Student: 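Below is a structure I'd like to ask you about.
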Amino acid sequence: MNPALQTLVDRGFVKSCTDYEALSALMDEGPVTLYVGVDPTGSSLHIGHMVPFFAMHHLQRAGHNLIALVGGGTAMIGDPSGKTELRQMLSPEEIRANSASIRDQIGTVIEFNEGPGMGKAVMLNNADWLTDLNYIDFLREVGRHFSVNRMLTFESYKQRLERGLSFVEFNYQLLQSYDYWILSQEHGCRLQIGGDDQWGNIVSGIDLIRKMGGEQCFGLTFNLITRSDGHKMGKSEKGAVFLDPNLFSPYDFYQYWRNVNDEDVIRFLKLFTFLSLDEITFYEKEGMNINEAKERLAYEQTKIIHGEAEAEKARTAARALFGGGGLDSTENREGMPHISIPRAELEAGIGVLDLFSRTDLAKTNSEARRLVQGGGAWVGEQRIDDPRAMIDTSFLDAEDELLLRAGKKRYFRIVIV
RNA sequence: GGAGAGGUUCCCGAGUUGGCCAAAGGGGGCAGACUGUAAAUCUGCUGGUUAUACCUUCGAAGGUUCGAAUCCUUCUCUCUCCA
């Protein structure tokens, strides 16, 4: 099999392919242009969205050309795949803004600038060709190739039929197929990749291209990444694990990976880092400390998404907090989330509930109260169990700061100014 | 267009002889115990606040009542069947 394709299989990306042999042969011949669709309905991607781009990273290094297609046109409609509810429609302005930030996020994994020995990568927007479509022309040229009977057999539509599916959304498959057609004609695109939930849309795109007289095209889908505990990938107690540091701090991001289940570590190292398979094998060895593997995963992943500096800070802070001691230097604390409080205010004394609810440790006073009453609230090494307790300068530690803690794992740093 | 069934707290889902309902149960989440910053398990908590009381919530707006998630009216949305 073609080495690049083999890499994806070995690293655990691939779920299915429309034709392994023919695709492998095509990739052997030379650079192949491939695309993946991105949904611009949010301002930030979360980690679950990144799987195809990690795969693309490997393909780009093998010299293949990438197209990230922003669904600016289709986002004004909504995608039925795997969704149980109708989606909100977005304005062109919102979509444009979202696309810009999404491009930056994708850019952490694939290279939009040209590099030696690497394939090119571009970002396109299907609004460019979908917006001006003429309805009658579209029906005549594209619509006639689709069979409603066949479309209804697709799993994604079956589910939606039980809950309701608007005609507008039903058209999504036609538009995505049309995208593939356009990309095949204008950019020589021969391969579409995506999550396994996209299988139906990809296949019908390939069919459309064939019926319209194009070249043989291919589809490659990836496993939907799940966690062994059954939780949804990319979701945490804080909500989705967004890539935007303002929505999800690098420290929390690091912690998310640091805390994956034992069973998931190796799998995630293969999927979400660029470590070689040989190196990953090292972590699989008998007697290997699983926590080292988790730390490596967290570090590598944070480094890719947020950069080396943030990864270092997060690791240092985490080691200091959990590795025992070591909290005595500012450096160790830098990666921790923090807020500032004026010294005068602290001198006057601040109620515990008030203090905790100002941090991310508790959203409301009531939540802070529950935390205190449940015995999970700490200031430094002191457990606070009285909701009326006042925190003042006597709680300051050697660094002249306060280190708040909710339970064993959630820390928050109070800097005095 | 006609007939019927429904919209409950983060989610699913009880609750409609009106008060004992901030609303059962489960899930999820948070905390405690045990641990390896894991999983599993057990326990507690899980609308808000100036907190033994008060405030806002049971699709929306009105109404009846001392008192409504529970009754009435209108509106709205979803689903099912018929055409």
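What you see is a predicted model, and the numbers here were worked out from it, not measured in a lab. Residue numbers start from 1 in every chain, and the chains themselves are labelled A, B, ... in the order their sequence lines are given, proteins ahead of strands.
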Student: Evaluate the side chain to side chain donor-acceptor pair (under 3.5 Å) criterion for residues A:D278 and A:S276: first the C-alpha distance (whole Å), next the side-chain angles of each, then the deciding distance (0.1 Å), finally the verdict.
Tutor: CA-CA 5 Å; A:D278 287 345; A:S276 72; 5.1 Å; no
Student: Expressed as a whole number of angstroms, how long is the span from A:K363:NZ to B:C45:P?
Tutor: 19 Å
Student: Output yes when at least one side-chain N/O atom of A:R410 is less than 4.0 Å from OP1 or OP2 of B:A31, else no.
Tutor: yes
Student: Say we look at B:A40 and B:C30: how far apart would their P atoms be, to the nearest angstrom?
Tutor: 12 Å
Student: Less than 4.0 angstrom between a side-chain N/O of A:T364 and OP1 or OP2 of B:U49, yes or no?
Tutor: yes
Student: With a cut-off of less than 4.0 Å, is there a side-chain N or O of A:R370 near OP1 or OP2 of B:G29?
Tutor: no
Student: Taking for each residue the nucleotide of RNA chain B bearing the nearest heavy atom, is the 5' side occupied by A:N291 or by A:L353?
Tutor: A:N291
Student: Would you mind listing every salt bridge (charged side-chain N to carboxylate O under 4.0 Å, His left out) that reaches into residues 135-151 of chain A, with sequence neighbours excluded?
Tutor: A:R150-A:D207
Student: Could you please name the partner base of B:C81, counting Watson-Crick and G-U wobble pairs only when both distances are under 3.5 Å?
Tutor: B:G2
Student: What do you reckon, are the aromatic ring centroids of A:F322 and A:Y411 less than 6.0 Å apart?
Tutor: yes
Student: Any strand counts, and the cut-off is 3.5 Å on both contacts for Watson-Crick or G-U wobble. Which nucleotide pairs with B:C66?
Tutor: B:G19
Student: Examine distances only and state if a side-chain atom of A:D19 and a backbone atom of A:F218 form a donor-acceptor pair shorter than 3.5 Å.
Tutor: no
Student: Strictly under 3.5 Å: I want the nitrogen or oxygen pairs between protein and nucleotides 21-26 of chain B, one per line.
Tutor:
none

Student: Write down the distance separating the P atoms in B:C11 and B:A83, rounded off to the nearest Å.
Tutor: 37 Å
Student: When the P atoms of B:C71 and B:G18 are considered, how many whole Å apart are they?
Tutor: 9 Å
Student: Please determine, for B:G47, whether a Watson-Crick or G-U wobble partner exists with both distances under 3.5 Å, and give it or none.
Tutor: B:C55
Student: Take atom P in B:C72 and the same atom in B:C54, then report the distance between them in whole Å.
Tutor: 30 Å
Student: Is there a Watson-Crick or G-U wobble partner for B:U37 with both distances under 3.5 Å, and if so, which one is it?
Tutor: none
Student: Between A:K409 and B:A38, is there a side-chain N or O to OP1/OP2 distance below 4.0 Å?
Tutor: yes
Student: Measure from CG on A:D264 to P on B:A40 and round the result to the nearest Å.
Tutor: 11 Å
Student: Give the rounded distance in Å between these two atoms: CG of A:L361 and P of B:U46.
Tutor: 20 Å
Student: A:A377 near the nucleic acid: base, sugar-phosphate alone, or nothing, with a heavy-atom cut-off under 4.0 Å?
Tutor: nothing
Student: Mind checking the C1' distance from B:C58 to B:A14? Whole angstroms is fine.
Tutor: 12 Å
Student: When the aromatic ring centroids of A:F274 and A:F54 are compared, is their separation below 6.0 Å?
Tutor: yes
Student: Would A:T221 and A:S16 count as a side chain to side chain donor-acceptor pair (under 3.5 Å) here? Give the steps.
Tutor: CA-CA 5 Å; A:T221 62; A:S16 41; 3.0 Å; yes
Student: Between C1' on B:A33 and CZ on A:R383, what's the gap in Å once rounded to a whole number?
Tutor: 11 Å
Student: Taking only the P atom of each, what is the distance from B:U56 to B:U49 in whole angstrom?
Tutor: 15 Å
Student: Between B:A68 and B:A61, how many Å separate the two C1' atoms, rounded to a whole number?
Tutor: 16 Å
Student: With respect to the phosphate group of B:G48, does any side-chain polar atom (N or O) of A:N365 fall under 4.0 Å of OP1 or OP2?
Tutor: no
Student: Can A:N201 and A:Q198 be said to form a side chain to side chain donor-acceptor pair (under 3.5 Å), step by step?
Tutor: CA-CA 5 Å; A:N201 289 336; A:Q198 293 299 316; 3.3 Å; yes
Student: How far does the C1' atom of B:U17 sit from the matching atom of B:G13, given to the nearest Å?
Tutor: 23 Å
Student: When you get a sec, tell me which of B:A51, B:A33, B:A38 is the closest nucleotide to the side chain of A:K408?
Tutor: B:A33
Student: For the side chain of A:R258, counting heavy atoms from C-beta on, which of B:U37, B:A39, B:G36 is nearest?
Tutor: B:U37
Student: When you get a sec, tell me which of B:A51, B:A33, B:G36 is the closest nucleotide to the side chain of A:S366?
Tutor: B:A51
Student: What do you reckon, are the aromatic ring centroids of A:F412 and A:H338 less than 6.0 Å apart?
Tutor: no
Student: Please report the distance, rounded to the nearest Å, between CG in A:D385 and P in B:C45.
Tutor: 18 Å
Student: Which part of the nucleic acid, if any, lies within reach of A:Q255 when heavy atoms closer than 4.0 Å are counted: base, sugar-phosphate only, or nothing?
Tutor: base
Student: Is the side chain of A:H49 donor-acceptor paired with the backbone N or O of A:H46 at a distance under 3.5 Å, no angle test?
Tutor: yes
Student: I need the CZ-C1' distance between A:R369 and B:U50, as an integer number of Å.
Tutor: 10 Å
Student: Would you indicate which nucleotide in B:A33, B:A51, B:A38 comes nearest to any side-chain atom of A:N259?
Tutor: B:A38
Student: A:R405 near the nucleic acid: base, sugar-phosphate alone, or nothing, with a heavy-atom cut-off under 4.0 Å?
Tutor: nothing
Student: Between the side chain of A:Q60 and the main-chain N/O of A:E111, is any donor-acceptor distance below 3.5 Å?
Tutor: yes
Student: Under 4.0 Å, counting only non-hydrogen atoms across every strand here, what does A:V265 touch: a base, just sugar-phosphate, or nothing?
Tutor: nothing
Student: On the side chain of A:D262, is there an atom forming a donor-acceptor pair with the base of B:G36 - under 3.5 Å, no angle test?
Tutor: yes
Student: Distance check needed: B:U37 P versus A:L297 CG, whole Å only.
Tutor: 17 Å
Student: Does the structure show a Watson-Crick or G-U wobble partner for B:G25, both distances under 3.5 Å? Name it, or say none.
Tutor: B:C12
Student: If I take atom CZ in residue A:R296 and atom P in nucleotide B:A38, what distance separates them, rounded to the nearest angstrom?
Tutor: 22 Å
